[in-house]
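So that the names make sense, note that chain A is the first sequence line, chain B the second, and so on, each numbered from 1. Since this is a predicted model, take the numbers as computed values, not measurements.
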Amino acid sequence: MEERYDPQKVELKWQKYWAERNIFKTEQDSSKKKFYCLEMFPYPSGKIHMGHVRNYAIGDVIARYKRMRGFNVIHPMGWDAFGMPAENAAIKEGIHPAKWTYENIAYMKKQLDRMGLSYDWDREVTTCSPDYYKWNQWFFLKMYEKGLAYRKSSFVNWCPSCMTVLANEQVIDSGCWRCDTAVIKKELEQWFFRITHYAEDLLNACDELKGWPEKVVLMQKNWIGKSEGLEADFKVAEMDARIRIFTTRADTLFGATFVCLAPTHPLSEKLAADKEALKKVKERYGKEDEKIGLFTGRYAVNPANDEKIPIYIANFVLMEYGTGAIMSVPAHDQRDFEFAKKYELPIKIVIMPENSELQTSNFELNAAFEDEGILVDSSSYSRLRSDVARIEIAKHIEKKGLGKRVINYKLRDWGISRQRYWGTPIPIIYCEKCGVVPVPEQELPVILPEDVKFTGTGSSPLADSEKFVNTSCPKCNGKARRETDTMDTFVDSSWYFIAYCFDNGKIDFNSQLSTLNSQLGYWMPVDQYIGGVEHAVLHLLYSRFFTRVIKDLGIINPSEPFTNLLTQGMVCKETLKCPEHGWLLPEDVKDEKCVKCGKAVERGRVEKMSKSKKNVIDPDHLINKYGADTSRLFSLFAAPPERDLEWSDQGVEGAHRFLNRIWGIVYKNRNALCVTRNELKNKNSLRITDYASCLPRKTHQTIKRVTNDIEREYHFNTAIAALMELVNDLSSFDPKTQDDWKAFRFSAETLLLLLSPFSPHISEELWESMGNKKSILEQKWPSWDENIAKEEEIELVIQINGKVKAKIMIPAGLSDDEVRKKALNEPKTQEIIGKKALKKVFIVKGKLVNIVI
RNA sequence: GCGGGUGUGGCGAAAUGGUAUACGCGUCAGGUUUAGGACCUGAUGAGAGAAAUCUCGUGCGGGUUCAAAUCCCGCCAUCCGCACCA
């Protein structure tokens with residue numbers, strides 16, 4: 001055994017050992033309980049970053065821990081390999097996206113292996129490989145057959161920088177989720193997945209997601225955005241036309257004083273006399289600044305009271321939600337109120353607060369009253385409570401055949417067409433005679449051609465590829481053209497967790513149709529999913545949708561893919577800023593000054609690591625300097641997983657020092673350790689000196705604490721703190737007798753077992769150096785004995801009137817009476833109580849006595 | 001505006017009704033070393049005191065309780081998500 005701990009040497013040795021024995025390969029074994037541990041697969045951007053290190057360290061601890069607990073653990077990894085950066089690299093640097101992607105994958109795979117992650121690489125998936133994306137196409141065809149994939153023309157979100165369409169979920173603060181560029185609306189023919197078909201189920205099942213963070217469930221619910229209301233027809237006066245509006249406040253129907261149409265509403269063009277003015281309203285559509293409108297010159301008839309009210313076209317009315325038209329009740333809706341004030345439209349109060357005088361005349365509004373209340377001036381519905389009236393009025397409208405009660409969702413169908421090259425070709429052919437024809441299943445995959453030109457001018461390389469585009473119709477064999485749009489890359493990641501379940505990465509859903517519940521049935525669903533919260537709606541919602549589609553195809557049983565979800569916090573670091581040179585690297589700062597200009601450097605906020613802010617740590621450097629074990633240990637120790645982690649170079653040193661200390665302890669005692677057998681496992685009573693008996697107790701306490709901390713929402717930071725305490729005891733332990741040595745060996749072995757999920761390489765090495773033959777991976781997780789763990793003596797805190805006055809040592813397990821007696825007899829207690837009468841004595845077993853006087 | 005999280009030593013954090021600050025970092029002192037580094041030992045919430053001790057202390061203000069970082073009510077700060085959704 002070496003005197004010095006050399007992480008590079010140790011880690012490479014054990015990585016080789018694991019790889020050579022293919023020790024992480026997983027096989028279906030129905031006799032064992034499975035555990036599916038999954039981390040979000042990375043986009044192969046070139047190198048892993050600290051966010052990956054943290055994510056994958058967390059996942060690896062869980063996988064290794066569960067394995068030691070006897071589960072048949074599946075722990076796969078793969079590559080989210082289609083996407084824009086590859087194509088941009090092709091345009092900028094002339095490297096083919098495939099080459100760029102596969103080279104990145106090769107490098108990043110090495111990096112992951114260097115971290116010592118326990119992946120079964122035989123299950124690796126790469127989404128840009130035809131073997132994988134073939135199944136994107138297959139799912140597309142199945143969905144097309146069932147009407148779940150369809151084509152329509154609509155106004156879509158267009159990112160001018162990425163030169164492609166974005167789904168609603170991919171627009172963040174009216175910008176592109178990838179590059180922040182302001183998104184514009186563009187009318188295009190697009191393919192959609194009918195996710196709204198599952199809206200109700202996706203929403204209801206939210207309540208079953210007990211293992212998900214509440215925050216994420218809430219975001220999903222809000223995104224689906226269910227609202228119940230009434231659709232009602234307002235006839236257009238002197239015209240054969242109706243305007244269908246949607247409202248959640250049917251109780252305010254009598255207060256409607258005008259109607260507003262979305263600028264893109266089909267009737268807007270017809271009704272608007274002034275086309276120029278309409279154009280202006282259209283330009284300001286959906287902009288969150290000022291409300292503007294245009295009077296059409298036409299009137300609508302309120303179905304409740306046959307009043308004629310003006311029809312406006314307003315920029316704030318969205319075509320995408322409800323019916324694209326609203327009734328405006330300025331007294332009870334703030335937006336309508338503002339609009340009415342601006343265009344001097346009447347404001348009619350129909351709801352009054354409860355307990356107020358029901359006199360509208362002396363009630364001046366300076367804002368809309370949006371709360372529930374009592375109806376007034378609403379014919380026979382007056383004096384009803386608004387929640388009751390809402391239903392009654394809706395029923396009435398329904399009965400008259402002027403509308404119906406409906407449920408609306410904010411969720412829109414998922415637009416999946418992308419006008420880019422590096423993605424899955426949509427398996428559709430357009431025939432001059434037959435129209436839209438799906439590619440026959442047996443002709444899949446439609447291969448993405450590699451010999452295309454990357455011009456960067458915005459037209460898709462696929463559309464320019466004659467060889468790809470020109471084809472023959474599968475139906476009539478006539479001249480036809482291929483669809484040249486590719487699929488959104490979120491399609492790829494919506495089912496990859498199911499792909500891993502096929503042995504050796506051989507994906508075949510066809511065979512699954514006849515043999516439900518074999519591999520997929522055994523492994524699905526994912527027991528623990530770990531990733532960033534940034535996918536709270538995007539990827540997680542799409543995956544829930546896909547899982548339902550696949551379930552409905554009869555391929556799997558569960559409709560929810562992820563039983564437990566852990567959203568880890570961000571990795572953050574202090575930022576440094578020079579007033580002249582902007583963000584600075586740590587090495588650009590000397591004595592709080594910028595090395596370029598000498599100006600005082602501002603120590604900025606602790607922010608998420610990002611290249612642009614120059615506050616990143618390169619995992620390669622870190623691992624070269626300290627090794628994977630230290631890197632993993634620090635990122636697990638510095639904060640609980642769900643919270644943001646603040647990077648600290650000194651903290652990393654501390655983690656490294658801890659591992660060094662363990663190495664030192666084993667090294668120092670190596671000879672004695674090797675000749676001592678660990679016999680404490682079976683025997684509780686050895687002749688250990690009093691001094692030494694503390695160690696087995698501490699060890700059992702540590703097993704208990706580490707196990708409970710891991711089980712209690714993976715609180716690795718406190719688990720590691722417990723290990724540090726054990727090491728502190730171990731390093732001051734000085735064995736005297738033969739049995740002392742046995743206690744020492746037991747503790748040291750237990751320490752390594754408990755440490756192994758966190759820092760596996762050093763654990764293996766020291767485990768071996770103590771004379772153990774089998775890998776630590778094949779060991780069972782230790783269990784504790786409550787009898788050994790419990791203290792013989794406890795410290796009793798004596799409080800008087802709730803304040804700590806004394807602490808005494810007493811034997812554990814005394815009765816309340818005895819504890820009371822001891823506390824009252826304590827001199828300090830006597831002194832304070834004096835002649836005062838006792839009011840009451842509270843006893844907390846094993847901890848504390850509170851004497852009230 | 002609505003919803004959610006967070007707020008505890010010099011710093012990362014621990015404690016989910018019962019000793020506030022475990023564990024780590026930093027700092028200080030001592031040891032070791034030719035020196036530096038590394039390592040080892042000890043101290044380390046604030047204030048007062050020679051000391052024993054005492055007082056204060058978990059963002060702020062109230063409340064419940066024998067007992068509150070923890071439960072309740074009302075604020076403040078900060079971060080995140082959603083946002084003209086009718």
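- Across the C1' atoms, B:rG61 and B:rA13 are found 27 Å apart, a figure rounded to whole Å.
- Listed by chain and number, the residues in a salt bridge (charged side-chain N to carboxylate O under 4.0 Å, His left out) with A:Arg244 are A:Glu231, A:Asp233 (sequence neighbours excluded).
- A heavy atom lying under 4.0 Å from RNA chain B marks the following residues of residues 651-665 of chain A, by number: A:Gly654, A:Arg657, A:Arg661.
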N/O to N/O distances under 3.5 Å, protein versus nucleotides 63-67 of chain B:
from	atom 1	to	atom 2	distance (Å)
B:rC66	O2'	A:Asn850	ND2	3.4
B:rC66	O2	A:Asn850	ND2	2.6

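- Stems are defined here as 3 or more consecutive Watson-Crick or G-U wobble pairs with pairing distances under 3.5 Å; those involving RNA chain B are B:1-7 with B:76-82, B:10-12 with B:23-25, B:26-31 with B:39-44, B:45-48 with B:53-56, B:59-63 with B:71-75.
- Within the nucleic acid shown, A:Lys803 comes within 4.0 Å of sugar-phosphate atoms alone, with no base atom in reach, counting heavy atoms only.
- Partners of A:Trp663 according to the ring pair (Phe, Tyr, Trp, His ring centres under 6.0 Å) rule, which considers only residues two or more places apart in sequence or in another chain, are A:Tyr5.
- Annotation: ring pair (Phe, Tyr, Trp, His ring centres under 6.0 Å) contacts of A:His535 (sequence neighbours excluded): A:His539.
- In this structure, the side chain to side chain donor-acceptor pair (under 3.5 Å) partners of A:Ser386, at least two apart in sequence or on a different chain, are A:Glu372.
- Nucleic acid contact class of A:Glu338 (heavy atoms, under 4.0 Å, all strands): none.
- Under the ring pair (Phe, Tyr, Trp, His ring centres under 6.0 Å) criterion, A:Tyr343 pairs with A:Tyr312, A:Phe339, sequence neighbours left out.
- In the region residues 708-725 of chain A, proximity to RNA chain B at under 4.0 angstrom, judged on heavy atoms, holds for A:Arg712, A:Asn717, A:Thr718, A:Ala721, A:Met724, A:Glu725.
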Heteroatom pairs (N/O) under 3.5 angstrom, protein to nucleotides 4-12 of chain B:
from	atom 1	to	atom 2	distance (Å)
B:rG12	O2'	A:Ala638	O	2.9

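- Going from atom NZ of A:Lys608 over to atom CD of A:Glu534 covers 5.5 Å, rounded to the nearest 0.5 Å.
- Counting to the nearest Å, the C1' atom of B:rG24 and the CZ atom of A:Phe758 are 15 Å from each other.
- As rounded to the nearest Å, B:rU21 and B:rC56 have C1' atoms that lie 16 Å from one another.
- Contacts between residues 221-234 of chain A and RNA chain B, counted as heavy-atom distances below 4.0 Å, involve A:Ser227.
- Remark: the A:Thr196 side chain and the A:Asp413 side chain contain an N/O donor-acceptor pair separated by less than 3.5 Å.
- With sequence neighbours excluded, the residues forming a side chain to side chain donor-acceptor pair (under 3.5 Å) with A:Lys282 are A:Glu269, listed by chain and number.
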